[in-house]
Amino acid sequence: MEIGGLEKSTLIDYPGRVACTVFLVGCNFRCPFCYSSELVLPEKILRQPKISGKEFFDFLRERKGLLDGVVLCGGEPTLQKDLPDFIKRIKDLGYLVKLDTNGSNPEMLELLIDKKLIDYVAMDIKAPMENQKYDRAAGVKVNLEKIKKSVEMIKNSGIDYEFRTTVIPGIHTREDIIQIAKDIGPAKKYYLQNFRPEKTIDSKFEKIKPYPKEFLSEVRKEISRFFEVCEVRG
Ligand code: SF4
């Protein structure tokens with residue numbers, strides 16, 4: 001398992017829990033607005049200092065009783081073939097596990113859900129379920145059937161979950177967000193995250209001015225009927 005970073009304590013990444021966040025390297029998307037190029041672009045991954053499995057599990061053993069959970073973030077964690085074993089080792093130490101995913105690997109997701117290896121899933125919804133829009137937001141050609149399958153699987157899994165979208169001027173219009181809500185709703189939780197123009201994969205995005213918070217709050221009101229919880233973050 002290639003670990004490209006570890007945030008030792010977070011109160012925000014795992015709702016209601018004190019957790020650490022582990023960053024796994026590699027991603028099959030190239031979202032132009034991505035903040036984590038060091039975990040995505042192969043040439044940058046090479047330069048990123050790695051944390052060994054031993055270091056990570058020593059850390060988890062030391063923090064037992066102080067942390068509730070571990071957030072697996074990326075990159076895209078489901079690309080790691082040894083993810084189930086890695087999670088099993090984490091759970092054997094008594095931690096809850098939250099997975100952050102782009103939803104492109106429903107096969108791995110199914111395995112993790114079936115084996116009861118994850119306690120919470122956060123899936124990014126990049127755009128409405130239209131090929132052109134999704135491909136543009138993800139920066140690659142996306143198999144939308146897989147994305148849709150992941151959405152349905154998560155909704156029917158019985159485990160806690162959220163969907164979320166980073167909202168970016170030039171990528172999303174108000175109508176796009178409403179369409180996303182219709183595509184994924186009804187569902188439990190959906191968060192609109194405001195874009196931060198900082199160290200993006202495509203440097204042009206660093207010059208984009210985020211939508212004002214009021215814009216996101218207004219769209220939220222329009223779509224909240226599709227969700228039990230619908231909020232603006234950031
Ligand atoms: S934002 Fe996109 S490119 Fe960046 S890690 Fe997530 S899915 Fe990969």
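Because only heavy atoms are used, hydrogens play no part in the values below, and waters and symmetry mates are left out as well, while side chains stay in. Starting from 1, each residue takes its place in the sequence as its number.
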*Identify the heavy atoms of Glu206 and Glu198 that sit nearest to each other, and give their distance.*
CG-C, 4.2 Å
*Verify, without hydrogens or angle tests, whether Asp68 (side chain) and Arg17 (backbone) share a donor-acceptor contact under 3.5 angstrom.*
no
*Residues Ile154, Lys188; criterion side-chain contact (heavy atoms from CB on, under 4.5 Å); working and verdict*: CA-CA 10 Å; Ile154 289 171; Lys188 208 163 169 179; over 6 Å; no
*Would Val232 end up clustered with Ile168 when hydrophobic side chains under 4.5 Å apart are linked, directly or stepwise?*
no
*For Asp82, enumerate each residue passing the side-chain hydrogen bond (donor to acceptor under 3.5 Å, both in side chains) test, keeping only those at least two apart in sequence or located in another chain.*
none
*asked:* Just verifying a value: how many Å separate Phe59 CZ and Leu6 CG, rounded to the nearest 0.5 Å?
replied: 5.0 Å
_Residues Lys189, Glu231: salt bridge by 4.0 Å N-O rule_ = no
*Using the side-chain contact (heavy atoms from CB on, under 4.5 Å) rule, take Val97 and Leu72 through it: C-alpha gap first, then chi angles, then the decisive distance, then the call.*
CA-CA 7 Å; Val97 171; Leu72 301 168; 3.6 Å; yes
*How long is the span from the CG atom in Leu144 to the CG atom in Asp183, to the nearest 0.5 Å?*
9.0 Å
*Polar side-chain atom of Gln193 near backbone of Arg233 as donor-acceptor pair, under 3.5 Å*: no
*What pair of heavy atoms forms the shortest contact from Ala137 to Ile171, and how long is it?*
CB-CG2, 4.0 Å
_Parallel, tilted or perpendicular: rings of Phe29 and Tyr134 (30°, 60°)_ = perpendicular
*Using a strict 4.0 Å threshold on nitrogen-to-oxygen distance, state whether Glu110 and Lys149 make a salt bridge.*
no
*Which heavy atom of Met153 sits nearest a heavy atom of Pro106, and at what distance?*
CE-O, 3.4 Å
*According to the salt bridge (charged side-chain N to carboxylate O under 4.0 Å, His left out) rule, which pairs have a member within residues 113-122, sequence neighbours left out?*
Lys91-Asp119
*Taking the side chain as C-beta and beyond, is there a heavy-atom pair between Lys146 and Glu107 under 4.5 Å?*
yes
*Taking C-beta and beyond as the side chain, do Met123 and Tyr161 meet within less than 4.5 Å on heavy atoms?*
no
*Okay, side chain of Gln179, backbone of Pro128: is any donor-acceptor separation there less than 3.5 Å?*
no
*Report yes if some heavy atom in the side chain of His172 is under 4.5 Å from a heavy atom in the side chain of Thr166; otherwise report no.*
no
*Basic-acidic side-chain contact under 4.0 Å: Asp160, Lys98*: no
*Under a single-linkage definition using a 4.5 Å side-chain heavy-atom cutoff for Ile, Leu, Val, Met, Phe, Trp and Tyr, are Val22 and Val18 assigned to the same hydrophobic cluster?*
yes
*Min side-chain heavy-atom separation Ile87-Leu99 under 4.5 Å*: no
*So, does Lys50 use its side chain to make a donor-acceptor pair with the main chain of Ile45 at under 3.5 Å?*
yes
*Do side-chain atoms of Glu76 reach the backbone of Val40 as a donor and acceptor pair under 3.5 angstrom?*
no
*Going through the checks in order, is the side-chain contact (heavy atoms from CB on, under 4.5 Å) test met by Tyr120 and Val71?*
CA-CA 9 Å; Tyr120 193 112; Val71 179; over 6 Å; no
*Between Asp135 and Val142, what is the shortest heavy-atom contact and its length?*
OD1-N, 2.9 Å
*Interatomic spacing from CE in Met108 to CG in Leu111 - rounded to 0.5 Å*: 6.5 Å
*With distance as the sole test, does Lys44 use its side chain to make a donor-acceptor pair with the main-chain N or O of Ser36 at under 3.5 Å?*
no
_Lys88/Asp92 salt bridge by N-O under 4.0 Å criterion_ = yes
*Using distance alone, with no hydrogens and no angle criterion, decide if Thr165 and Tyr190 have a side-chain donor and acceptor under 3.5 Å apart.*
yes
*First locate atom CG of Leu60, then atom CG of Leu93, and finally report the distance between them rounded to the nearest 0.5 Å.*
6.0 Å
*Any donor-acceptor N/O pair, Arg174 side chain to Val219 backbone, under 3.5 Å*: no
*So does Glu175 have more than 12 non-hydrogen atoms from other groups sitting under 6.0 Å from CD?*
yes
*Under 6.0 Å between the ring centres of Phe57 and Phe86?*
yes
*Return the minimal non-hydrogen interatomic distance between Leu67 and Tyr95, and the atom names on each side.*
O-CE2, 3.5 Å
*Hey, is CD1 on Ile12 packed in by over 12 heavy atoms from elsewhere, all under 6.0 Å?*
no
_Angle between ring planes, Tyr35 versus Phe195, binned at 30° and 60°: parallel, tilted or perpendicular?_
parallel
*For the atom pair CZ (Phe23) and CD1 (Ile51), what is the distance rounded to the nearest 0.5 Å?*
9.5 Å
*Between Asn102 (side chain) and Asp124 (backbone), is there a donor-acceptor pair under 3.5 Å?*
no
*Residue pair Gly185 / Phe227: nearest heavy atoms and the distance that separates them*: CA-CE2, 4.2 Å
_Separation between OG of Ser150 and CG of Leu109, rounded to the nearest 0.5 Å_ = 5.0 Å
*Does a salt bridge link Lys221 with Glu218, judged by any charged N lying under 4.0 Å from a carboxylate O?*
no
*With a 4.5 Å limit on heavy-atom distance, are the side chains of Ile125 and Val151 in contact?*
yes
*Would you check, one step at a time, whether the test side-chain contact (heavy atoms from CB on, under 4.5 Å) holds for Leu216 with Lys213?*
CA-CA 5 Å; Leu216 295 184; Lys213 186 140 188 216; 5.5 Å; no
*Taking side chain as C-beta onward, heavy atoms only, is Glu7 less than 4.5 Å from Cys73?*
no
*asked:* Working note: Phe226 + Phe163, criterion ring-ring contact (aromatic ring centres under 6.0 Å, His included); need CA distance, chi angles, decisive distance, verdict.
replied: CA-CA 12 Å; Phe226 293 100; Phe163 297 116; over 10 Å; no
*Do the non-hydrogen side-chain atoms of Val70 and Leu96 ever get within less than 4.5 Å of each other?*
no
*asked:* I want to check something: taking the side chain as every heavy atom from C-beta on, are Ile3 and Ser52 in contact at a cut-off of under 4.5 Å?
replied: no
